[in-house]
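In each ligand, atom 1 is the first atom listed, and ligand 1 is the first ligand listed.
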Amino acid sequence: MDVVKIFDTTLRDGEQSPGVSLLPEEKLAIARQLARLKVDVIEAGFPISSNGDFQSVKLIAEKVRDAEIAGLARCNIKDIDRAWEALQGGENPRIHVFIASSPIHMKYKLRMDEEQVLERAVESVKYCARYTSNIEFSAEDASRSEEDFLYRLIEAVIKAGARVINIPDTVGYAVPQEFGRLIRNIRENVPNIDQVTLSVHCHDDLGLAVANCLAAVENGARQVEVAVNGIGERAGNTALEEIIMALRTRKDYFHLNVEQDTTQIMRLSKMVSKLTGMPVQPNKAIVGKNAFLHESGIHQDGVIKERSTYEIMDASSIGVEEATLVLGKHSGRHAFREFVKDLGYELDEAAFEAVFNKFKELADKKKNLSSVDIEALINNEIYSVESYYELEYVQVSTGNTVLPTATIKLKKEDQVLQVAACSGDGPIDATFKAINSVAGIDNIKLISFKIDAITGGTDALGDVTIKLDIDGRTFIGHSAQPDITYASALAYLEAINRYISVSRRQGAHFVEDED
Ligand code: KIV
Ligand code: ZN
């Protein structure tokens, strides 16, 4: 049976989601989880686009060994050199070059004609071949391109050395039968197409990305480009979890294999949601909170009698575990270490100690600790950024008859700063105002504030995610704590620390449109 390769672009196209910007260490954490899931290729970034992207691709190429690492480049020498500089430490790195092939893009964006585009594409692929034979070529906006030109372009870049040909539906314009037909036409009209893997990359503007990819696969595509939770430019990309589970669940129909460890899907989805600050809608296929819940009596009755009446997939196949009671305040280090290992985390000694101490504190306050609580503590630790500011304490007085007031004490790199008190419309407003005043940062706008109870019960951890606009850029912070004011203060500070960390590493330059 043929295999469909999974090329993940969460860290490149996914990060192009409005308002999302990840730090290199966060991208590395996601890349490691993608490798655990066993995706075939991880597109780690677009190295020329900023120093941050360059550093991320370099870091991931050096550290992640269980997947091919790809870096994106336009068809020019500078982009390709920079991509290779970032990728070269990897095991089997891939340069992914692209140029637009549709009349609209060539005329208005590139101001080039067909022959110029073809020549530039061939030169660029040949230039990549000096570095590696692992070259992917994308014809941007392929689905709106003239087919005869597309065939000529593909044939020429294959001759020049491309090993993977990617057909993007860049603006999410295609419909499934038409897109499937395009893939079949390419296979029938490009004489050397059998020398390469044919890939597809679909955007979800009409909600058809997954359907288009599946139609392409039925017609011979053997690589699908995806992003976790379907994030990405505008309406996003093809959702990784939907493609993998569709191919796996309907193997009887597609007669194709995917080789991923699907039990890693849920953790990956949560990690991406947390780090990007992009919530997953409850009814989202595969990874939504409701995806495996049955509300109607008839359905519940059916599932109790025989699961397959209303369930086509087993929740455990994507790594959803029952929240079972496993640890309590008498559990020791050894049991806790085993538990953390079973959850799939590898913590260094310092991180383990920090999480263990937090677990003990929490176990004193909350009786029933589930794996979900422990994961929240681990996530607090491993995803937190360098602490430029640390919270010494927060004290809030509030109620319907008093003016909500917060007192905050912060530590700034060994120096203790204090503010007496700030009042606000409510306890959270007062807390944030107090933090702003101690930190001396006033150009902050709160974009969103989200709070969730991690498990049921009034003693559940409050999981707070905050998005701030500072200097026109978005920064995310989150924290899970039993006390929601404390969690809010920590999340707010984390976003500020992220801003400071990014500003300190500045020097970023951003890609100008090519003309
Ligand atoms: O959507 C698109 O066309 C792309 C290419 C760079 C592959 O993201
Ligand atoms: Zn794209």
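Our summary of the site lists the angle at the Zn ion (ligand 2) between NE2 of His203 and NE2 of His201 as 100°, to the nearest 10 degrees.
Closest protein heavy atom to atom 7 (C) of ligand 1: Ser138 OG, 3.7 Å. Of all protein heavy atoms, the one closest to atom 4 (C) of ligand 1 is His201 NE2, 3.5 Å.
When only interatomic distances are considered, the shortest N/O to N/O separation between Arg12 and ligand 1 falls below 3.5 Å. Close N/O approach between His96 and ligand 1 is not found [any backbone or side-chain N/O within under 3.5 Å].
Nearest-heavy-atom check against atom 3 (O) of ligand 1 across Ile99, Val97, Thr170 picks out Thr170.
Contacts of His203 with ligand 1, taken as heavy-atom pairs under 4.0 Å, involve the side chain alone.
In Lys274, the NZ atom is crowded: over 12 heavy atoms of neighbouring residues, nucleotides or ligands sit closer than 6.0 Å.
For the residue pair Ser501 and Leu23, the shortest heavy atom distance occurs at OG-CD1, 4.5 Å. Nearest heavy atom pair, residue Thr132 against residue Pro93, reads OG1-O, 3.8 Å.
Ring orientation note: the planes of Phe432 and Tyr492 are close to parallel, at an angle under 30° on the 30°/60° scale.
Atoms of ligand 1 lying under 4.0 Å from at least one heavy atom of Glu140, given by number and element, are 3 (O).
Among the atoms of Asp13, an N, O or S atom falls under 2.8 Å of the Zn ion (ligand 2).
Looking at Thr238, its side chain does come within 3.5 Å of a backbone N or O of Cys202 through a donor-acceptor pair. Side chain of Ser145 to backbone of Asp141: a donor-acceptor contact under 3.5 angstrom is found. In terms of modelled atom types and a separation under 3.5 Å, the side chain of Asp261 and the main chain of Thr263 share a donor-acceptor contact.
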